[in-house]
Amino acid sequence: MNQTNSLLIKLRGNFITTAFLLHSNFSTNRSMLHKITNLNHALNLFDEMSQRRPLPSVVLFNQLLTSVTKIKHFSISLHLFNQMCSLGVPLDKYSISIAIKCCCQLYRTKDGFALLGCCFRRAIAPNVFIFNALLDGLVLEDRILEAEMLFKKLIKQKLCEPDVVMYNTMIKGLCKFGNNVTALALLRLMEQKNCQPSIVTYSTIIDSLCKDKLIDDAFKLFKEMVFEKGILPNVITYTSLIRGLCNLGHWDEASKLLKEMEDEKISPDVQTFTVLVDAFCKEGKVEEAEAIINIMIERGEVPDIVTYNSLIDGYCLRGEMIKAREIFDSLTLRGLVPDVVAYSSLLNGYCKNLNIEKAMQMFREMSGKGLKPNVVTYNTMIQGFFHVGRCVDARKLFDEMHAQGQIPDQCTYGIVLEGLCNNRQVEEALSLFHLMGDSKLNSDIVVYNILIDGAGKYRKVDIARVLFQGLIDKGLLPNVRTYTVMINSFCQEGLLGEAQLLFLKMDESGCPPNDVTYRVLLQGYLKNQHYDDVVMLLQEMVDRGYSLDASTLSLFIDHIAVGLLDRSMLKLLGKLVPKELMDDPSLCDWE
DNA sequence: CTAGGGTTAG
């Protein structure tokens with residue numbers, strides 16, 4: 001007996017059902033098929049069916065496989081498919097499409113394509129269902145170029161006419177890679193080809209636009225869907241839009257949309273509520289998040305692990321680790337199993353609150369429970385070790401990550417570079433950077449921001465300058481942070497002229513300075529006792545609605561106290577005190 | 001009532 005067979009027997013267990021089914025008639029089987037909710041039923045039924053002579057029709061087998069596939073037991077379904085082959089059940093295009101779908105969902109798209117051979121041997125022409133399963137597999141495996149090639153080939157060689165589902169799959173793939181433009185073009189192509197876009201088409205693109213913070217475009221498409229196409233939004237459409245609004249901090253609009261949704265008699269579901277919980281937690285408003293969870297329970301929705309993970313994150317963010325731990329420990333009582341994300345969230349909290357030992361304890365505990373730390377977990381721990389200056393431990397974990405088959409990603413790379421820079425190992429970071437050469441990893445503006453910042457902090461302005469020029473030469477676009485760290489670099493060295501020149505270039509380049517840029521430049525001016533433009537910069541900050549941070553403010557006060565700056569500046573500074581500092585007693589006796 | 005599509009972690 002092979003391994004899968006013994007696994008199946010373990011899963012089966014319920015011999016009474018088996019016995020019952022063995023003595024039941026065909027019609028009982030039929031009615032039971034639609035009630036299959038667990039593997040036992042399906043497996044027992046398959047067993048019974050395969051012992052019948054003559055064998056039941058392929059249709060019945062297909063129905064059974066469909067049930068197993070619907071509850072996402074893809075490998076079991078594939079195993080049953082193989083059993084069907086051995087039994088000599090005459091496979092049809094339904095059976096093969098189910099098998100291909102299972103392969104693809106198991107990240108074995110290669111095997112899915114191999115199954116096409118099954119079609120050819122049986123003179124079955126692969127149809128749009130089969131090709132869509134394969135396309136979906138390629139998208140799932142992030143093989144977007146191959147997905148596009150397949151899609152184009154199907155059309156060009158007229159292998160099948162894409163229908164709305166296949167367009168949706170291709171659009172999902174494009175959106176996954178941030179290619180909203182092509183996704184939209186495909187939507188237009190559908191219309192041209194008289195294949196009407198559905199709620200799924202619109203929701204996919206709307207969600208992608210929201211994720212890219214293109215909320216106006218998202219609403220434009222939303223209105224087109226509703227008012228031009230007459231397609232009514234559903235809970236998924238609303239949830240995407242609400243998340244988009246929350247992520248941008250547009251709370252009023254988010255709550256307006258929530259109300260609109262309820263007016264349309266569409267109830268928020270677990271995921272809608274979770275979006276709200278997550279948004280509140282990210283704002284540090286854990287009490288509001290808890291209130292949402294209570295509302296959701298009152299309304300009969302059951303918060304899931306994702307909901308609680310957001311809450312754990314929220315408490316961690318506020319440094320309330322005892323409370324975070326309490327929620328984590330309560331998961332089991334709620335019948336939820338802590339997953340990799342739950343562990344990662346909590347150990348991230350411990351890291352951020354500088355309790356690296358507790359974090360490491362969680363890290364080991366999760367492995368003990370059979371949960372494999374993923375790239376995110378490793379990244380979090382590595383960052384944690386760097387944060388407390390334990391570079392050797394960070395390195396050890398980096399090696400362990402490799403050994404465990406977790407491939408470092410763009411984030412890992414950034415964390416390592418930043419960790420080295422912050423631990424006085426800028427040279428080390430630079431040599432790693434040069435070692436990576438012209439790889440994709442080094443084509444990320446974030447990498448340059450880290451290195452320029454690192455170089456600047458350790459007074460290596462020449463290196464910073466070379467890096468800045470290097471990214472321009474590569475065709476990368478500096479962002480606000482790039483300009484800001486470069487300006488900071490110049491300021492550290494007292495090169496105020498260069499700092500000012502770059503500052504002026506920002507508006508020209510369509511990348512206006514933010515509050516941080518102003519603070520950096522002002523600090524540079526003050527520390528170098530260069531006061532000419534200070535009033536002008538402060539006024540500009542007032543005009544742009546920016547505020548000063550505590551450290552810049554106190555620098556100003558020091559300069560005024562020793563008479564380097566005139567007291568008349570206090571009035572202007574008063575307009576730049578952030579709300580949260582207004583209550584600070586050390587700042588209340590101004591003027 | 002035999003096959004395929006959209007929302008949830010650092």
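No experiment lies behind these values; they were computed from the predicted model shown.
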Heavy atoms within less than 4.0 Å of DNA chain B: which residues of [range] have one? Give them sorted by number.
{"range": "residues 225-248 of chain A", "answer": "N234(A), I236(A), T237(A), T239(A), R243(A)"}
{"range": "residues 204-218 of chain A", "answer": "T204(A), D207(A), K211(A)"}
{"range": "residues 268-285 of chain A", "answer": "Q271(A), K282(A)"}

Base, sugar-phosphate, or nothing: which does [X] touch, judged by heavy atoms less than 4.0 Å apart?
{"X": "S198(A)", "result": "base"}
{"X": "I130(A)", "result": "nothing"}
{"X": "D163(A)", "result": "base"}

Tightest non-hydrogen contact, residues V58(A) and S95(A), listed as CG2-OG, 3.7 Å

When every non-hydrogen atom of A289(A) is compared with those of L311(A), the smallest separation belongs to CB-CD1, 4.0 Å

Checklist entry - Does K176(A) make a side-chain N or O approach to OP1 or OP2 of dG6(B) shorter than 4.0 Å? => result no

Margin query: Please confirm whether the shortest side-chain N or O distance from K172(A) to OP1 or OP2 of dG6(B) is below 4.0 Å.
Written below: yes

Do N62(A) and dA3(B) share a donor-acceptor pair, side chain to base, under 3.5 Å?
no

Before giving the answer on salt bridge (charged side-chain N to carboxylate O under 4.0 Å, His left out), spell out for E301(A) and R299(A) the whole-Å C-alpha distance, their side-chain angles and the decisive distance to 0.1 Å. CA-CA 6 Å; E301(A) 295 285 353; R299(A) 297 180 50 159; over 6 Å; no

Plane angle bin for W251(A) and F280(A) - parallel if under 30°, tilted between 30 and 60°, otherwise perpendicular: parallel

In T239(A), T237(A), N234(A), the residue satisfying side-chain hydrogen bond (donor to acceptor under 3.5 Å, both in side chains) with S203(A) is T237(A)

